[in-house]
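What follows is a short report on a single structure.
One-based numbering along the sequence shown. Counting starts at 1 for both ligands and their atoms, in listed order. Because the structure is a prediction, the values reported are computed rather than measured. Hydrogens, waters and symmetry mates are skipped; everything else that's a heavy atom, side chains included, is used.
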Amino acid sequence: MERAGVVVIGGGAAGLAALRALRQAGCDALLLEARARLGGRIHTLHPDGWPAPVELGAEFIHGAPAELSRLAVETGGSECEDWTWRDGKLLPAAEFGGDVWAALEGMAAIRPPAPDRSFAAYLAALPGLSEAAQQAAGAYIEGYEAADPERISVYSLNRERAAGGPQEAGPRRPRAGFDALVRELASDGRVLLDAVVEAVEWQPGRVRIAARHRGEELRVEARAAVVTLPLALLQSDAVKFAPPLDAKRPALQRLAMGGALRVTLRLREPLWREVRDDTGRRLEALGFLFGFEPEAGHFPTWWTHPCAAQITGWAAGRHAWAMAGWPQDRILERALADLALRLRLPSARLAAAVLGAHTHDWQADPFAGGGYSYAGVGGLDAAAQLAAPLDGTLFFAGEATDAQGEHATLQGAVRSGRRAAAEALAALP
Ligand SMILES: Cc1cc2nc3c(=O)[nH]c(=O)nc-3n(C[C@H](O)[C@H](O)[C@H](O)COP(=O)(O)OP(=O)(O)OC[C@H]3O[C@@H](n4cnc5c(N)ncnc54)[C@H](O)[C@@H]3O)c2cc1C
């Protein structure tokens, strides 16, 4: 039996931030993490011989959040240009953009007393928007939010856009990989890896946890718990709470887990540089290559690494869910076919240029259950309800509990961990 003042469940960004805040306040805290590593949906690889780190989870810093301000940032790529591939046409992204950006800007008008609605319903009601622009805007939201356009709330999209603040030109990433954040957040606190929490029995002021630690039964007793389980695991009752979390049901039903899957390829050379678009221009400075794909189970979007012959394929929303559980070979085969089509390269030529590939199926991952969260129609206040403590004993953190529009980002996760730790400290005698 282990004893602690506060037990933190989950060692992703939220759990690590909570542990650190608890430790700094002198609290005896213990963190239980199911995997053999910390970081959760931050999963950076540094494969031998690869020129740049490979992210299997989070890669980009969205906005300029204080929570990530200590990371050394790679801003290379601001000189990059974006292209769009659609119906066999390859053109500079700006050629397709106009109507789509206007549709996104127009969302700001949907605010009370106008009722909340899905992004798809919003688009369908826009006068004069062509079907092609509707599809493009839907694909954009699916790709960026990992969400089903038929389900995601326009109110929540507006809040997220307001929270984002000004975005610097070009994508920003931690230079050394996002695992630098894991190292920054990790504290000297007690951490047990390979500790899968199975059940949480709780009453005011007391929590008893049943877990499996390296295959052995483990019991932990604490006064309080900070729960940072990903949304999908709370929704599926992957951990049995007794009494059950009935108070959270309405919030859990109004939030959704988006699907996200990425494949990063290391190439012998940056093959895209020799490709020409329909206007005859070379994709010399390719940044993002956006794509539209009506059929689920594809990698519509690709982006290059600014300093390396590495290219990443991105499948979000229904594309990622359609490939959940596929063997890695099949995922890679699909990614290569999609890239060859977009770059107009013979498949054999592309395959011969691939020196390595990495991917991770977050949808089939029992400790993630998907990519990142979003709010469904009518779910604007659901994150705050999910975050609310229960009986001064269970405290909730994790990206999905961020109620300020950062429910799908690392800054939201870190912020939530700090908030839950502060709530627990205030409640402890
Ligand atoms: C493919 C992908 C790309 C992304 N891209 C970006 C991006 O570019 N920028 C950005 O800001 N965000 C991005 N995100 C989102 C970001 O990664 C998440 O918002 C953030 O990492 C969530 O942190 P968390 O601590 O809330 O959850 P997690 O990191 O999931 O942490 C939860 C932890 O709980 C553990 N756990 C689960 N079950 C148990 C159990 N039974 N017992 C004990 N422990 C358990 C898990 O192993 C995990 O470590 C991306 C996510 C994905 C998947």
Side-chain angles (χ1 to χ4, degrees), residues 7-19 30-44 55-63 65 67-68 71 143-146 164 171-174 178-179 181-182 185 191-200 209-213 218 220 225-234 236-241 257-264 303 312-316 320 359-363 365-374 386-387 396-402 406-417 420:
V7 65
V8 178
I9 303 176
L16 289 172
L19 180 69
L30 167 68
L31 184 146
L32 303 178
E33 165 54 48
R35 303 177 199 268
R37 61 169 182 85
L38 292 172
R41 280 170 278 165
I42 297 175
H43 192 6
T44 313
E55 302 290 1
L56 299 180
E59 174 171 350
F60 299 110
I61 298 174
H62 298 296
E67 291 79 8
L68 308 184
L71 295 173
Y144 194 76
E145 306 288 339
R172 299 168 71 235
R173 324 160 153 82
F178 248 127
D179 54 350
L181 179 66
V182 178
L185 289 174
V191 170
L192 293 181
L193 297 177
D194 263 327
V196 182
V197 173
E198 294 175 335
V200 179
I209 287 182
R212 293 209 81 74
H213 180 223
L218 169 74
V220 180
V226 174
V227 179
T228 78
L229 293 167
L231 175 70
L233 304 190
L234 290 172
S236 66
D237 291 321
V239 173
K240 302 285 168 236
F241 284 82
M257 193 64 156
L261 176 67
R262 39 179 300 155
V263 167
T264 298
W303 62 79
T312 295
W314 178 250
T359 188
H360 182 78
D361 183 352
W362 295 101
Q363 287 56 244
D365 181 329
F367 303 125
Y372 40 90
S373 70
Y374 65 95
L386 186 60
F396 293 85
E399 52 148 36
T401 67
D402 180 279
E406 296 286 5
H407 49 269
T409 65
L410 278 164
Q411 56 263 37
V414 170
R415 198 180 293 164
S416 74

Closest non-hydrogen protein atom to [atom], residue and atom name please, with distance?
atom: atom 13 (C) of ligand 1; answer: Ala58 CB, 3.4 Å
atom: atom 12 (N) of ligand 1; answer: Ala408 O, 3.5 Å
atom: atom 9 (N) of ligand 1; answer: Phe60 O, 2.8 Å
atom: atom 34 (O) of ligand 1; answer: Gly10 CA, 3.3 Å
atom: atom 21 (O) of ligand 1; answer: Leu410 CD2, 3.4 Å

Which segment of [X] sits under 4.0 Å of ligand 1 when only heavy atoms are counted:
X: Phe367; answer: both
X: Trp362; answer: side chain
X: Trp314; answer: side chain
X: Ser416; answer: neither
X: Ala400; answer: neither

Open item on the list: side-chain contact (heavy atoms from CB on, under 4.5 Å), that's the test. Do His62 and Glu406 meet it? Break it down for me.
Closed with: CA-CA 9 Å; His62 298 296; Glu406 296 286 5; 5.5 Å; no
Open item on the list: Among Leu386, Thr228, Leu231, exactly one meets side-chain contact (heavy atoms from CB on, under 4.5 Å) together with Thr401. Which residue is that?
Closed with: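 Of the listed options, the one satisfying the test is Leu386.
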Any idea which of [options] brings a heavy atom closest to [atom]?
atom: atom 32 (C) of ligand 1; options: Val196, Leu16, Thr228, Ile61; result: Thr228
atom: atom 19 (O) of ligand 1; options: His62, Glu33, Glu399, Glu198; result: Glu399
atom: atom 39 (C) of ligand 1; options: Asp365, Val197, Thr409, Leu229; result: Leu229
atom: atom 17 (O) of ligand 1; options: Arg41, Gln411, Gln363, Glu406; result: Arg41

Work out which heavy atom in [X] is nearest to a heavy atom in [Y]; give both atom names and the distance.
X: Pro230; Y: Arg41; value: CB-NH2, 3.6 Å
X: Ala13; Y: Ile42; value: CB-CD1, 4.4 Å
X: Ala320; Y: Gly259; value: CB-C, 3.4 Å
X: Ala58; Y: Leu410; value: CB-CD1, 3.4 Å
X: Ala260; Y: Trp314; value: CB-CH2, 3.6 Å

Run the contact test for [X] against ligand 1 with a 4.0 Å cut-off on heavy atoms, strictly below, and give the result.
X: Ala146; result: no
X: Pro230; result: yes
X: Leu56; result: yes
X: Ala238; result: no

- [ ] Please test Ile9 against Val200 for side-chain contact (heavy atoms from CB on, under 4.5 Å), starting from the C-alpha separation and ending with a verdict.
- [x] CA-CA 10 Å; Ile9 303 176; Val200 179; 3.9 Å; yes
Task: Qualifying residues under side chain to side chain donor-acceptor pair (under 3.5 Å), relative to Asp365, sequence neighbours excluded - done: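 In terms of side chain to side chain donor-acceptor pair (under 3.5 Å), with neighbours along the sequence ignored, Asp365 is linked to Arg35, His360.
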Indicate yes or no: at least one non-hydrogen side-chain atom of [X] is less than 4.5 angstrom from one of [Y].
X: Leu31; Y: Leu38; value: yes
X: Val239; Y: Leu233; value: no
X: Val182; Y: Thr44; value: no

Under a 4.0 angstrom heavy-atom cut-off, which atoms of ligand 1 come close to [X]?
X: Leu233; result: 37 (C), 38 (N)
X: Gly40; result: 29 (O), 48 (C), 49 (O)
X: Gly398; result: 26 (O)
X: Leu32; result: 43 (C), 44 (N)
X: Ala195; result: 42 (N), 43 (C)
X: Gly12; result: 25 (O), 29 (O), 31 (O), 33 (C), 49 (O)
X: Ala34; result: 39 (C), 40 (C), 42 (N), 43 (C), 44 (N), 45 (C)
X: Val239; result: 41 (N)

Ligand 1 N/O within reach of [X] N/O, cut-off under 3.5 Å:
X: Tyr372; result: no
X: Ala413; result: no
X: Ala13; result: yes
X: Ala260; result: no
X: Arg35; result: yes

Task: Intermediate values then yes/no, side-chain contact (heavy atoms from CB on, under 4.5 Å), Leu218 and Leu192 - done: CA-CA 11 Å; Leu218 169 74; Leu192 293 181; 3.8 Å; yes
Open item on the list: Any side-chain to backbone donor/acceptor pair from His213 onto Leu193? Under 3.5 Å, distance only.
Closed with: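 Side chain of His213 to backbone of Leu193: a pair is present.
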Task: Chi angles and distances behind the side-chain contact (heavy atoms from CB on, under 4.5 Å) call for Phe178, Leu71 - done: CA-CA 9 Å; Phe178 248 127; Leu71 295 173; 3.8 Å; yes
Task: By salt bridge (charged side-chain N to carboxylate O under 4.0 Å, His left out) - contacts of Arg415 (at least two apart) - done: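 Checked Arg415 against salt bridge (charged side-chain N to carboxylate O under 4.0 Å, His left out); matches are Glu67, Asp402.
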Task: Carboxylate-amine/guanidinium contact Glu55 Arg173, below 4.0 Å - done: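 Between Arg173 and Glu55 there is no salt bridge, as every charged N stays at least 4.0 Å from the carboxylate O atoms.
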